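Just so it is clear, the structure is predicted and the values come from calculations on it, not from any experiment. Values below: every heavy atom of this structure, side chains too, minus hydrogens, waters and symmetry copies.
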Amino acid sequence: MQKTLSTTEFADVLGLSESSIRRMADNGEIGFHKTRGGHRKFPVEEAIRYIRANRIQLTKPEILGLTTTYQTSPGFFEALKVGESDLAVSQLIRLYLEGLSVHEICDGPMREALVKIGQTFPSDKRSIFVEHRAITICMRSLLQLRSVMPTVGGNAKRGITAAPSDDPYFLPCLMASLVLHEAGLVEINLGPDTPMDILEDAIEDEAASIVCLSLTSPIRSRHLTTEITRLHRNSKEKQCRLVIGGQSSYQLDDPELNICGSMGELSRIAREV
């Protein structure tokens, strides 16, 4: 997706005249900058902010890198199931443009699609292939979405996402990092298979306000439980809130721990730190 739009391109996306776009820009309704030649350039993230805020139906979505079948193409699940990567990315950004938040996308169509794909195992021998491909497409979709989200100021509070050692799942960490970003935090995604001591050092080095630990793989050792308890204690001492989520978080029975059941709940917590 391109970084900026010309006045003509932005007008074509919205189905408005160029004079309307210029007037909206001069009135402060849309952010822009001028080139040395005096031409207005509209950052794509600013265009998307305006589209979301006003719930505008796009006339030429292909200018934003969306499929030309934007209005009639099948949903996110169908695109994932058949491996249509470009279409899946387009569908996810369409949902975002229509006003859905990141956590609503993750908890809703993305989660539902992956659950439906996972339910085909073991009856369909291709199910593992289809699931792995779908997860890769989901990650690509989220990274594309991240590139068009509004920026967060460098002085904003910081949040860290990670999964512990022997937990190889990247997608939950990526989801959580986008939720933190949308909540107004500078997100630092350490990804899967992160040793607890590295995570503790990062909390201190980055002066993090919140750390999100994703537990997807089953907890098979008391050592990990002990490490998580220590992480909770040390995070609290550093005035950093530890939030734990993922399908294996139910294995933790410590009432002191903050177990998060959804990306929506994480969004709420992140806005409170």
Side-chain angles (χ1 to χ4, degrees), residues 1-2 44-45 48 51-52 57-58 61-149 161 163 167-182 187 189 191-193 212 214-218 245-249 260-267:
M1 184 176 292
Q2 61 195 79
V44 167
E45 64 180 41
I48 288 178
I51 292 165
R52 277 171 53 82
Q57 183 67 50
L58 305 186
E62 62 272 18
I63 294 175
L64 290 177
L66 302 176
T67 176
T68 53
T69 54
Y70 170 80
Q71 299 178 29
T72 59
S73 56
F76 188 69
F77 165 69
E78 287 78 8
L80 283 185
K81 185 178 179 181
V82 300
E84 289 284 351
S85 181
D86 290 343
L87 182 56
V89 172
S90 177
Q91 287 292 323
L92 185 141
I93 294 180
R94 176 180 64 82
L95 294 173
Y96 182 71
L97 289 173
E98 289 175 352
L100 263 67
S101 64
V102 172
H103 71 79
E104 289 172 329
I105 290 172
C106 292
D107 286 339
M110 185 168 286
R111 180 181 181 277
E112 291 166 4
L114 291 174
V115 167
K116 288 173 71 174
I117 288 172
Q119 287 173 343
T120 62
F121 179 83
S123 57
D124 182 356
K125 65 181 181 180
R126 294 183 70 253
S127 61
I128 295 178
F129 162 75
V130 172
E131 183 179 43
H132 283 209
R133 182 180 63 188
I135 290 172
T136 300
I137 293 173
C138 283
M139 289 192 292
R140 181 190 167 198
S141 300
L142 290 174
L143 289 170
Q144 184 72 61
L145 176 57
R146 172 65 179 82
S147 71
V148 300
M149 292 174 67
T161 59
D167 193 316
Y169 297 96
F170 188 87
L171 183 58
C173 297
L174 182 58
M175 288 180 175
S177 71
L178 263 69
V179 170
L180 294 186
H181 180 86
E182 188 174 50
E187 85 278 21
N189 184 7
D193 206 22
C212 307
S214 172
L215 299 177
T216 304
S217 295
Q247 63 186 36
S248 293
S249 59
C260 184
S262 68
M263 291 296 165
E265 188 176 351
L266 173 60
S267 178

Do Arg140 and Val89 have side chains that get closer than 4.5 Å, going by heavy atoms?
yes
Please say whether more than 12 non-hydrogen atoms of neighbouring residues, nucleotides or ligands are located less than 6.0 Å from CZ in Arg52.
yes
Any side-chain heavy atom of Leu266 within less than 4.5 Å of one from Met175?
no
On a heavy-atom basis, the closest approach of Thr216 and Pro172 is OG1-CG, 3.6 Å
Side-chain contact test, heavy atoms from C-beta onward, threshold under 4.5 Å: evaluate it for Thr161 versus Glu187 and give yes or no.
no
Identify the two heavy atoms, one from Glu182 and one from His103, that lie closest to each other, and give their separation to 0.1 Å.
OE1-N, 4.0 Å
OG1-CE distance between Thr136 and Met139, expressed to the nearest 0.5 angstrom
4.5 Å
Drop me the distance from Leu80's CG to Ile117's CD1, to the nearest 0.5 angstrom.
5.0 Å
As an exercise, state the distance from CD of Glu98 to CG of Leu58, rounded to the nearest 0.5 Å.
9.0 Å
May I ask you to say whether Glu112 pairs ionically with Lys116, meaning some side-chain N is under 4.0 Å from a carboxylate O?
no
State, with a plain yes or no, whether a side-chain heavy atom of Leu171 is found less than 4.5 Å away from one of Leu142.
yes
Glu104 side-chain N/O to Leu100 backbone N/O, donor-acceptor pair under 3.5 Å:
no
Donor-acceptor pair, Asn189 side chain versus Ser177 backbone, under 3.5 Å?
no
Nearest 0.5 angstrom please: Arg126 CZ to His132 NE2, how far?
13.0 Å
Looking at every heavy atom in both Ser141 and Phe76, which two are closest together, and how far apart are they?
OG-CE1, 4.2 Å
Closest non-hydrogen atoms of Cys106 and Met263, given as atom of the first, atom of the second and distance, are CB-CG, 3.9 Å
For residues Leu92 and Met110, determine if any side-chain heavy atom of one lies less than 4.5 Å from a side-chain heavy atom of the other.
yes
What one should report as the nearest heavy-atom pair of Tyr169 and Ser217 is CE1-OG, 3.4 Å
Straight-line distance of Leu95 CG to Ser90 OG, nearest 0.5 Å:
9.5 Å
Would a 4.5 Å heavy-atom cut-off, applied to side chains only, mark Leu87 and Val82 as touching?
no
Could you check if a side-chain atom of Ile135 sits within less than 4.5 angstrom of a side-chain atom of Phe170, using non-hydrogen atoms only?
no
Considering all heavy atoms, the nearest Ser147-Gln144 contact:
OG-O, 2.5 Å
